[in-house]
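Okay, structure first, notes after.
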Amino acid sequence: MRYDFSAIEKKWQANWAERNTFATGTDPDKPKYYVLDMFPYPSGSGLHVGHLEGYTATDIIARYRRSRGFNVLHPMGWDAFGLPAEQFAIKTGTHPRLTTEANVASFRETLKSMGFSYDWNREINTTNPGYFRWTQWIFLKLYEMGLAYMSEIDVNWCEELRVVLANEEVDEKLAEGYTVVRKPLRQWVLKITAYAERLIEDLDGLDWPENVKQMQRNWIGRSEGVEIDFELRCHRTNLKVYTTRPDTLFGATYLVISPEHPMAEKLAVAQQLTAVRSYIEQARLKTELERTGLQKEKSGVFTGSYAINPANGEALPVWISDFVLTSYGTGAIMSVPAHDSRDWEFAKKFSLPIREVVKSPHDVQDEVFEGKESVGINSSNDEVSIDGLAFPTAFDRMATWLESKGKGKRKVNYRLRDWVFSRQRYWGEPIPIKHYDDGSMRTETSLPLTLPEVEAYQPTSTGESPLANIDEWLFGSDEHGHFRRETNTMPQWAGSCWYYLRFIDPSNGEQLVDSAKERYWMNVDLYIGGAEHAVLHLLYSRFWHKVLYDLGVVSTKEPFQRLFNQGMILGEDNEKMSKSRGNVIPADHVLNAYGADAVRLYEMFLGPLEQVKPWNTNGIEGISRFLGKVWRLVWEEFGTSPKITEDRPAEAILKRMHKSIRKVTEDVELLKFNTAISEMMVLVNELQKAGCSSREAVESLLLMLSPFAPHITEELWQNLGHETSISGATWPVFDPELARDDVLTIAVQINGKLRGTFEAATGSSKEQLLLEAKNVESVMKFLEGQMIVKEIVVPDKLVNFAVKPF
RNA sequence: GCCAAAGUGGCGGAACUGGUAGACGCGCUGGACUCAAAAUCCAGUGGGUGCAAACUCGUGUGGGUUCGAGUCCCACCUUUGGUACCA
């Protein structure tokens with residue numbers, strides 16, 4: 001019988017669906033395992049081989065865990081709100097729902113033909129009212145807790161898309177050729193900064209790649225510093241400045257405030273007023289990116305005013321410059337040009353004095369010195385001195401002194417900003433808020449608040465979403481009066497912030513998730529997805545989870561215990577797969593040509609899961625050959641019954657088999673699928689060479705292989721007379737005795753160079769190994785006429801002689 | 001600029017806590033089977049010298065530690081990812 005992958009794969013996929021083979025286990029005596037993929041946005045271009053990598057990995061783990069006796073939750077769903085479907089609607093008038101449905105159907109079909117063991121009964125879709133009802137519910141909770149507020153802020157406005165972009169999205173859109181300007185709009189904002197501290201702290205307990213944790217820490221950007229009050233000459237008010245280097249206060253030679261600082265214009269003296277006004281106006285016209293862009297020359301203008309340095313009473317000129325960010329700290333800084341590269345550049349440009357206050361290895365007039373490992377100099381007044389003190393002590397003493405004088409206060413700052421949460425789009429979750437004529441706001445009383453049908457999908461000319469055009473949806477009245485609904489919708493992140501919870505209890509109409517079920521299944525034990533979500537999705541998700549924790553909805557502080565980033569698969573030209581490059585390998589293409597088992601195995605065989613690696617369609621031939629060999633262990637080409645034998649395999653085969661079980665088990669646990677497959681290839685090669693089709697050996701192989709190649713193993717398992725699915729069978733165990741080598745090859749080196757080998761029994765004594773090593777023929781000639789200076793023996797490994805001529 | 005990771009045959013990649021570099025696969029070369037081909041099987045395959053036995057060089061570059069370094073240390077080069085005036 002020949003191996004017909006296409007018929008076999010169809011047969012078993014139908015069989016699994018019919019028997020509901022992969023329904024989530026509920027046996028209360030079993031431990032649980034929740035293995036999750038980052039669910040996809042169902043795009044119109046379909047899945048390519050790169051998308052399947054992570055899904056294959058989680059499927060192997062899901063199947064492996066089931067065979068180790070776990071109840072496994074392994075679900076799939078769709079992150080289906082999003083811009084592409086809306087853009088398509090604007091162009092063609094097709095409702096985004098229809099586009100989305102078609103794309104979902106195509107994605108689902110491809111995933112099913114890969115033989116993934118998802119529990120399809122739990123499929124979710126973020127655009128389904130039964131789902132986004134709870135997304136809206138969470139938003140209302142945020143609102144009630146004061147974590148969602150409206151604010152007039154400068155947003156990143158994209159002219160062409162007529163949409164507000166998150167700071168994070170700006171670069172992406174600019175790269176795609178859109179223009180982005182700053183424009184003030186009333187926006188919903190989520191107070192993620194209130195959770196900054198916890199978002200940093202709780203990273204410690206997670207099994208995440210260190211670099212992802214570090215990226216999140218950097219993104220949150222916690223810093224400890226001091227807010228210092230500078231008195232202004234000729235003004236009643238003070239100027240507050242934030243610094244992380246209070247130890248350099250004696251070296252401050254000027255102050256700088258941002259152009260948007262409330263004091264900016266007030267500080268301008270008469271002669272400077274025109275210059276100051278024109279500088280502020282210029283800055284306003286620039287986008288954020290132009291202001292913070294690459295290799296930018298420093299610019300600025302002097303206000304004409306002076307502030308008093310609280311440390312030494314000096315009068316410091318106050319400048320305005322756009323290198324100072326309005327939204328960080330107090331929007332004002334003290335400049336210490338000797339010890340800060342930005343201040344140094346600025347001082348050089350405008351010929352401001354540079355004063356050394358940290359002992360520097362070179363002249364600070366020529367080059368800045370930012371090091372913290374040196375000590376203070378020129379830093380004392382009648383009450384305090386930090387001369388000779390290293391950074392931590394100097395920081396502390398200055399901070400304490402400033403606080404005692406009422407001139408400063410220690411302060412922790414974060415780089416993280418609050419999250420702009422509203423989008424002027426149609427295809428998103430409506431924000432369930434009503435605005436009354438008297439200016440008050442109330443929450444919608446009945447959820448879900450669904451999207452009305454609209455004629456056109458373009459935003460209005462004022463930048464509001466198309467919902468603002470639908471009067472019958474927009475306006476209403478109740479006992480509190482006449483109201484207008486919120487027209488903003490939520491960003492795509494919203495639905496993906498909590499989807500892992502809904503999988504636990506996908507059709508609950510009463511609650512977001514049943515508490516008992518939540519307690520059983522959380523946390524997610526393994527979460528696999530692309531590194532592109534290392535910061536945003538994972539940070540937003542963690543934020544919402546903590547809010548839900550505070551609400552008592554979830555029982556854990558963190559959602560994802562173990563995170564793994566799969567590496568991208570590049571095109572055959574070693575470039576990122578993209579339509580424009582024409583190097584995309586569509587999933588359906590290789591699936592039709594080689595079958596799901598071959599594609600699954602090859603995806604995993606390419607290299608380490610976490611690594612970026614190029615696809616090479618030729619290489620899949622090797623996998624097809626391997627599957628052919630496995631098939632022929634059971635079937636002759638023209639045989640009518642399996643050629644399996646019931647005898648015990650030869651000792652050598654048995655040892656190989658147990659070693660393979662050990663190696664494959666270890667590798668699967670570590671997600672090292674490439675070497676696990678390699679090991680199974682070695683085993684198959686040996687079985688084939690030995691002409692061994694012993695049931696014991698072949699069945700062990702099939703069991704190990706089944707998470708990787710579920711269809712062929714399921715078929716052969718049945719051929720061998722089993723009536724139940726191999727997916728319900730138990731993972732093989734190895735016998736440590738049999739997995740051990742009795743005889744080992746020992747290397748013999750002279751001065752570290754390999755000169756020969758010999759065989760020795762495992763556990764031979766050092767003396768014996770030395771004796772034998774000296775008798776190896778190829779070694780003897782190198783020892784002749786030499787004096788052995790040192791003998792090194794590594795048991796079961798090697799013998800090395802350090803020699804010198806007599 | 002800063003932070004992180006990585007550089008191994010023609011290619012993808014193996015190599016446990018320093019211990020026989022190149023497992024496994026692709027590709028290539030030769031052979032068997034065949035009328036022929038496909039499929040399959042067998043043998044070989046890092047560079048150099050040599051008929052051969054063998055010798056020698058070899059894990060980005062240059063140093064170092066060690067009996068012994070792909071693995072550890074120092075300096076540098078390159079690539080990838082992240083970040084971009086956060087005071």
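Numbers restart at 1 for each chain; the letters A, B, ... are given by sequence-line order, proteins then strands.
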Any residue meeting salt bridge (charged side-chain N to carboxylate O under 4.0 Å, His left out) with A:R632, in chain and number order, not counting sequence neighbours: none

Take the protein atom NE2 of A:H261 and the nucleotide atom P of B:rA87, then report the distance between them rounded to whole Å. 17 Å

Rounded distance (Å) that lies between atom C1' of B:rG1 and atom NZ of A:K298: 12 Å

For A:H533, all residues meeting ring-ring contact (aromatic ring centres under 6.0 Å, His included), sequence neighbours excluded: A:H537

Protein-to-nucleotide contact annotation, 5' to 3' order, nucleotides 43-59 of chain B [B base; S sugar-phosphate only; - none; under 4.0 Å, heavy atom]: -----------SSSS--

Among the candidates B:rC16, B:rC67, B:rG12, find the nucleotide nearest to the side-chain atoms of A:K613. B:rG12

Apply the syn/anti split at 90° from 0 to B:rG58 and say which one it is. anti

Using whole Å, what does the distance between atom C1' of nucleotide B:rC3 and atom CZ of A:R415 come to? 12 Å

Using a cut-off of 4.0 Å on non-hydrogen atoms, how would the nucleic acid contact of A:I333 be classed: base, sugar-phosphate, or nothing? base

Testing the 3.5 Å rule here: is there a donor-acceptor pair between the side chains of A:N800 and A:K790? no

Pick the closest RNA chain B nucleotide for A:A802 and for A:I746 by heavy atoms, then say which residue is nearer the 5' end. A:I746

Atom CD of A:E575 and atom P of B:rG81 are separated, to the nearest Å, by 10 Å

Which residues pass the ring-ring contact (aromatic ring centres under 6.0 Å, His included) test with A:F605, not counting sequence neighbours? none

What is the distance from CG of A:L536 to C1' of B:rU83, rounded to the nearest Å? 12 Å

Spacing of the C1' atoms in B:rC51 and B:rC55 (rounded, Å): 15 Å

Any A:R632 side-chain N or O less than 4.0 Å from OP1/OP2 of B:rC41: yes

Return the nearest nucleotide to the side chain of A:V794; candidates are B:rG19, B:rA87, B:rC85. B:rG19

Would you call the rings of A:F323 and A:F346 parallel, tilted or perpendicular, where under 30° means parallel and over 60° means perpendicular? tilted

Qualifying residues under ring-ring contact (aromatic ring centres under 6.0 Å, His included), relative to A:F708, sequence neighbours excluded: A:F673

Sequence neighbours excluded, which residues qualify as ring-ring contact (aromatic ring centres under 6.0 Å, His included) partners of A:Y602? A:W615

Stretch residues 661-672 of chain A: residues that reach within less than 4.0 Å of RNA chain B through a heavy atom: A:K672

Separation of the P atoms in B:rC11 and B:rC16, to the nearest angstrom: 22 Å

On RNA chain B, does the nearest nucleotide to A:N751 precede the nearest nucleotide to A:P614 from the 5' side, or the other way round? Give the residue. A:P614

Salt bridge (charged side-chain N to carboxylate O under 4.0 Å, His left out) partners for A:K672, two or more places apart: none

Of the candidates B:rU83, B:rG82, B:rA87, the side chain of A:M215 sits closest to B:rG82

For the residue pair A:I386 and A:L249, establish whether any side-chain heavy-atom pair is separated by less than 4.5 Å. no

Would you find a donor on one side and an acceptor on the other, under 3.5 Å apart, between the side chain of A:T757 and the backbone of A:I746? no

From CG of A:N800 over to C1' of B:rG68, roughly how many Å is that when rounded to an integer? 6 Å

Ignoring hydrogens and angles, tell me if any N or O in the side chain of A:Q566 forms a donor-acceptor pair with the backbone of A:I528 under 3.5 Å. no

May I ask you to verify if any side-chain N or O of A:K790 is less than 4.0 angstrom from the OP1 or OP2 atom of B:rC67? yes

Are A:F230 and A:P310 close enough that some pair of their side-chain heavy atoms sits under 4.5 Å apart? yes

If you measure from the P atom in B:rC72 to the same atom in B:rU8, how many Å do you get, rounded? 16 Å

Distance between P atoms of B:rC77 and B:rG27 (Å, rounded): 40 Å

For nucleotides 28-37 of chain B, tabulate all protein N/O to nucleotide N/O atom pairs closer than 3.5 Å, reporting atom names and distance.
none

Same-atom distance (C1') from B:rG47 to B:rU59, integer angstrom: 14 Å

Atom pair distance, as rounded to whole Å: NZ in A:K213 and C1' in B:rG81: 19 Å

C1' spacing across the pair B:rA52 / B:rC35, given as an integer number of angstrom: 40 Å

Counting primed atoms plus P, OP1 and OP2 as sugar-phosphate and everything else as base, spell out the protein contacts along nucleotides 21-27 of chain B at 4.0 Å heavy-atom distance: B, S or - for each nucleotide, 5' to 3'. --BBSSS

Distance between the P atoms of B:rG9 and B:rA23, in whole angstroms? 13 Å

Numerically ordered, the residues 761-777 of chain A set in heavy-atom contact under 4.0 Å with RNA chain B is none

Whenever both distances are under 3.5 Å in a Watson-Crick or G-U wobble pair, mark it; put RNA chain B into dot-bracket that way, with [ ] for crossing pairs and | when the partner is on another strand. (((((((..(((......[....)))((((((.......))))))((((....))))..(((((..]....))))))))))))....

For A:R2, is there any backbone N or O sitting under 3.5 Å from a side-chain donor or acceptor partner on A:E637? no

Could you measure between the two P atoms, the one in B:rC57 and the one in B:rG63, and give it in whole Å? 15 Å

